[in-house]
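Below: the structure, in structure tokens.
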Amino acid sequence: MARPREFDPDTALERAMQTFWTNGYESTSLDDLCQATGLSRSSLYAAFGDKHALLLRALDRYEEISAERIQTALQRQLPIRERIAALLSEFIDMIATGPGRRGCFIGNCTAELARHDREALARVRRSLERMERQFCEALETARARGELAPSAEPAALARFLASGIHGLRLVGKANPDRSALDDVARTMLRCLG
């Protein structure tokens, strides 16, 4: 008879994600992952596969969390400019208070792995495309409501906003100065009119 799992897989995955996010893939050892999750190597392998499979699952988890955060912000009952301003403010708050200084897990993985890891690159692309779609849908709706100029291009604006958020988070790793980050956010918001 098989023994029941004595751990919460979601908690273990969250802890593994945080470890990869803090240390990077290459610098995270199996011992680090075992310590973070509280699992033995055999339990870690049985639950998640090898280190690379665990990274891919962690990227999936991060994407879901990020997509939920963005969707929540974009569904607020405010004009589109105010919704996006609030989202940017949330990111800046995370950077300025510390937790956001690690940058974006997707961005970090892009810098570390995307050139030589096709599976990680596919996850990164999927995440970026999802963010762009979320912004594009919200911007299309805003244009239809008259919140954006009829000539506004939602797809191009969405790509710009997604790129800007990743850039903001990258800059925040090196310079978490709130006033500098606020300047970046204000400039991003100008594109909305």
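No experiment lies behind these values; they were computed from the predicted model shown.
Put simply, the side chain of Cys109 reaches to within 4.5 Å of the side chain of Leu59, judged on heavy atoms. Between Asn108 and Tyr25, every side-chain heavy-atom pair lies at or beyond the 4.5 Å cut-off. With contacts defined as side-chain heavy-atom distances shorter than 4.5 Å, the pair Glu153/Leu139 does not qualify. Residues Phe105 and Arg169 fail the side-chain proximity criterion, which asks for heavy atoms closer than 4.5 Å. Residues Ile106 and Met131 have side chains not in contact (no heavy-atom distance under 4.5 Å, counting atoms from C-beta outward).
Closest heavy-atom contact between Cys34 and Ser40: SG-C, 3.8 Å. Taking each heavy atom of Leu87 and Arg76 in turn, the nearest pair found is N-NH1, 4.2 Å. The shortest heavy-atom contact between Ala185 and Ile92 is CB-CD1, 3.8 Å. Closest of all the heavy-atom pairs between Arg101 and Lys173 is O-CG, 3.2 Å. The two residues Ala36 and Thr19 make their nearest non-hydrogen contact at CB-OG1, 3.1 Å. Annotation for Arg178 and Asp93: closest pair NH1-OD1, 2.7 Å, computed over non-hydrogen atoms.
In this structure, CD1 on Ile165 lies 10.0 Å from CZ on Phe160, to the nearest 0.5 angstrom. Summarising the geometry, atom CZ belonging to Phe20 is positioned 11.5 Å from atom CZ belonging to Arg57; distances are rounded to the nearest 0.5 Å. If you take CD1 on Ile84 and CE on Met188, they are separated by 8.0 Å, rounding to the nearest 0.5 Å. For the atom pair CE of Met17 and CG of Asp10, the computed distance is 11.0 Å after rounding to the nearest 0.5 Å. With values rounded to the nearest 0.5 angstrom, Thr37 atom OG1 is found 10.0 Å from Leu13 atom CG. A distance of 11.5 Å separates CG of Leu168 from CG of Leu161, quoted to the nearest 0.5 Å.
Side-chain atoms of Lys51 never come within 3.5 Å of backbone atoms of Leu33 as a donor-acceptor pair (strictly under, hydrogens ignored). Checking side-chain atoms of Ser89 against main-chain N and O of Ala85 turns up no donor-acceptor pair under 3.5 Å.
Phe135 meets the ring-ring contact (aromatic ring centres under 6.0 Å, His included) test with no other residue; sequence neighbours excluded. Scored by the side-chain contact (heavy atoms from CB on, under 4.5 Å) test, Thr22 finds Arg102 as partners (sequence neighbours excluded). By the ring-ring contact (aromatic ring centres under 6.0 Å, His included) test, Phe48 is found to be paired with no residue, residues two or more places apart in sequence or in another chain being considered.
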Under 3.5 Å donor-acceptor pairs involving side-chain atoms of residues 143-152, not counting sequence neighbours:
{"from": "Arg143", "atom 1": "NH1", "to": "Ala152", "atom 2": "O", "distance (Å)": "2.7"}
{"from": "Glu147", "atom 1": "OE1", "to": "Ile80", "atom 2": "N", "distance (Å)": "2.5"}

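Side-chain contact check for Asp32 and Ser29: at least one donor-acceptor pair (N or O, by modelled atom type) lies under 3.5 Å.
Residues in residues 119-129 take part in these salt bridge (Lys or Arg N to Asp or Glu O under 4.0 Å) pairs, two or more places apart or across chains: Asp60-Arg123, Asp60-Arg126, Glu63-Arg126. The list of side-chain hydrogen bond (donor to acceptor under 3.5 Å, both in side chains) pairs with a residue in residues 131-141, not counting sequence neighbours, reads Gln71-Gln134.
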Requested in this report: Apply the test side chain to side chain contact (heavy atoms under 4.5 Å, CB included) to residues His166 and Thr110: give CA-CA distance (whole Å), side-chain angles for both, the deciding distance (0.1 Å), then the verdict.
Outcome: CA-CA 11 Å; His166 286 287; Thr110 301; over 6 Å; no
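In Gln35, the CD atom is not crowded: 12 or fewer heavy atoms of neighbouring residues, nucleotides or ligands sit closer than 6.0 Å.
Phe91 and Leu189 end up in the same hydrophobic cluster when Ile, Leu, Val, Met, Phe, Trp and Tyr side chains are linked at under 4.5 Å. Leu30 and Leu54 end up in the same hydrophobic cluster when Ile, Leu, Val, Met, Phe, Trp and Tyr side chains are linked at under 4.5 Å. There is no path of hydrophobic side-chain contacts, each under 4.5 Å, that joins Leu121 to Leu55. Clustering ILVMFWY residues whenever any of their side-chain heavy atoms sit less than 4.5 angstrom apart, transitively, puts Leu56 in the very cluster that holds Ile65. Clustering ILVMFWY residues whenever any of their side-chain heavy atoms sit less than 4.5 angstrom apart, transitively, puts Ile70 in the very cluster that holds Leu181.
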